[in-house]
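Structure record follows, encoded as structure tokens.
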Amino acid sequence: MDIKIQKTATPKEKPADETKLGFGHIFTDHMFVMNYDTGEGWHDARIVPYGEITLSPAAMCLHYGQEIFEGLKAYRTADGSIQLFRPQENFKRMNVSAERMVIPPIDEEFVLKALIELLQVEKDWVPHTDGASLYIRPFIFATDPYVGVRPADHYLFMIILSPSGAYYSTGLNPVKIYVEEKYVRAVRGGTGFAKTAANYAISLKGQDEAHRQEYEQVLWLDGVEQKYIEEVGSMNIFFVIDGEVITPQLTGSVLPGITRKSALELCSKWGMKVSERRITIEEIASAYDAGKLDEVFGTGTAAVISPVGHLKWGDKVMEINGNKIGAVSQRLYDTMTGIQYGKLPDDMGWIVKL
Ligand code: COI
């Protein structure tokens with residue numbers, strides 16, 4: 001399929017201070033769009049000026065949330081070139097999410113090609129500052145004007161781009177996380193493993209209550225017994241207990257993070273003891289009481305590696321590693337960002353250069 005390109009006649013000013021980008025509220029000049037219609041498949045791939053879209057008020061995505069998305073980043077290296085981190089994994093996961101949400105699959109190779117073409121058009125928007133990058137948001141949603149419940153026949157696939165800094169306002173400083181005991185994010189057989197809007201909508205209530213207690217995010221427990229640790233919603237979670245790196249196993253209600261997978265691969269390569277297993281919040285509290293909870297950190301595309309400094313479970317507040325980033329988190333952060341920004345050799349074969 002050909003990709004038509006229509007350039008804007010009114011390009012925007014680029015952000016003057018790349019150290020103050022924040023996350024996800026500045027958008028570039030162009031976006032990628034492609035339509036799907038039953039009987040025709042995906043068609044009309046195009047790069048057009050970034051702008052508003054018109055939708056019927058009856059568009060099915062607005063009523064029943066048939067939507068999926070991805071998140072990845074483009075990084076600027078010291079020699080000025082641009083590179084992506086494991087983008088094939090994002091489009092592979094997008095098809096897993098699509099299957100769960102009864103959305104037609106995409107051609108993974110084609111959308112990667114489309115993304116690269118969009119990035120060529122927008123290359124000057126990729127920040128030059130350390131820690132900043134161009135956040136990439138591919139998404140698909142149902143557009144049929146119909147208020148009955150069924151899978152749609154018409155969809156839009158879009159990619160928008162946002163020059164961004166750290167996801168958390170704390171940057172690489174440890175975040176405060178609160179263990180959610182009232183609400184749940186996902187249940188067995190549900191959509192927890194898919195990157196779909198519903199999983200994030202459902203998390204807002206817990207996040208809102210956490211914010212009122214001055215915690216940044218919530219740590220979700222399993223939706224059945226509310227005992228086993230799952231994930232944070234904006235990131236997967238890792239614990240270092242007595243030297244062992246542990247993360248909850250993928251049981252269907254946890255997002256299979258690409259940063260999670262990369263962190264596991266790096267720790268294994270470094271010869272660390274690594275486990276993907278079910279882990280209870282009681283086990284974490286006991287390890288803390290025994291002085292064996294060395295580190296807690298989150299992994300995510302937006303969050304990168306985010307150390308957790310405080311973990312609150314009921315009345316118990318656990319201060320981790322003196323509220324400082326730990327050795328494993330720091331090594332992962334340095335290695336991951338080193339590879340992403342081209343400061344370290346890509347010996348894992350994770351980089352796609354533009
Ligand atoms: C990402 O890390 O890319 C995500 O999609 C998580 C989102 C909360 C920003």
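Indexing begins at 1, ligand by ligand and atom by atom, following the structure's order. Just so it is clear, the values below take in all heavy atoms, side chains as well, and ignore hydrogens, waters and symmetry mates.
Cluster note: Val147 groups with Tyr64, Val149 through ILVMFWY side-chain heavy atoms spaced under 4.5 Å, whether in direct contact or through intervening members. Grouped by direct or indirect side-chain proximity (heavy atoms under 4.5 Å, Ile/Leu/Val/Met/Phe/Trp/Tyr only), Tyr146 sits with Met60. Grouped by direct or indirect side-chain proximity (heavy atoms under 4.5 Å, Ile/Leu/Val/Met/Phe/Trp/Tyr only), Leu250 sits with Val254.
The six-membered or imidazole ring of Phe157 lies away from that of Tyr36, with a centre-to-centre distance of 6.0 Å or more.
Asp37 and His154 share a side-chain donor-acceptor pair at under 3.5 Å. Residues Arg100 and Thr196 have side chains that never bring a donor and an acceptor to within less than 3.5 angstrom of each other.
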Dump all N/O pairs between ligand 1 and the protein below 3.5 Å as a table: atom names plus distance, one pair per row.
from, atom 1, to, atom 2, distance (Å)
ligand 1, 2 (O), Thr301, N, 3.4
ligand 1, 2 (O), Ala302, N, 2.8
ligand 1, 3 (O), Tyr135, OH, 2.5
ligand 1, 5 (O), Tyr135, OH, 3.2
ligand 1, 5 (O), Arg137, NH2, 3.4
ligand 1, 5 (O), Lys195, NZ, 2.9

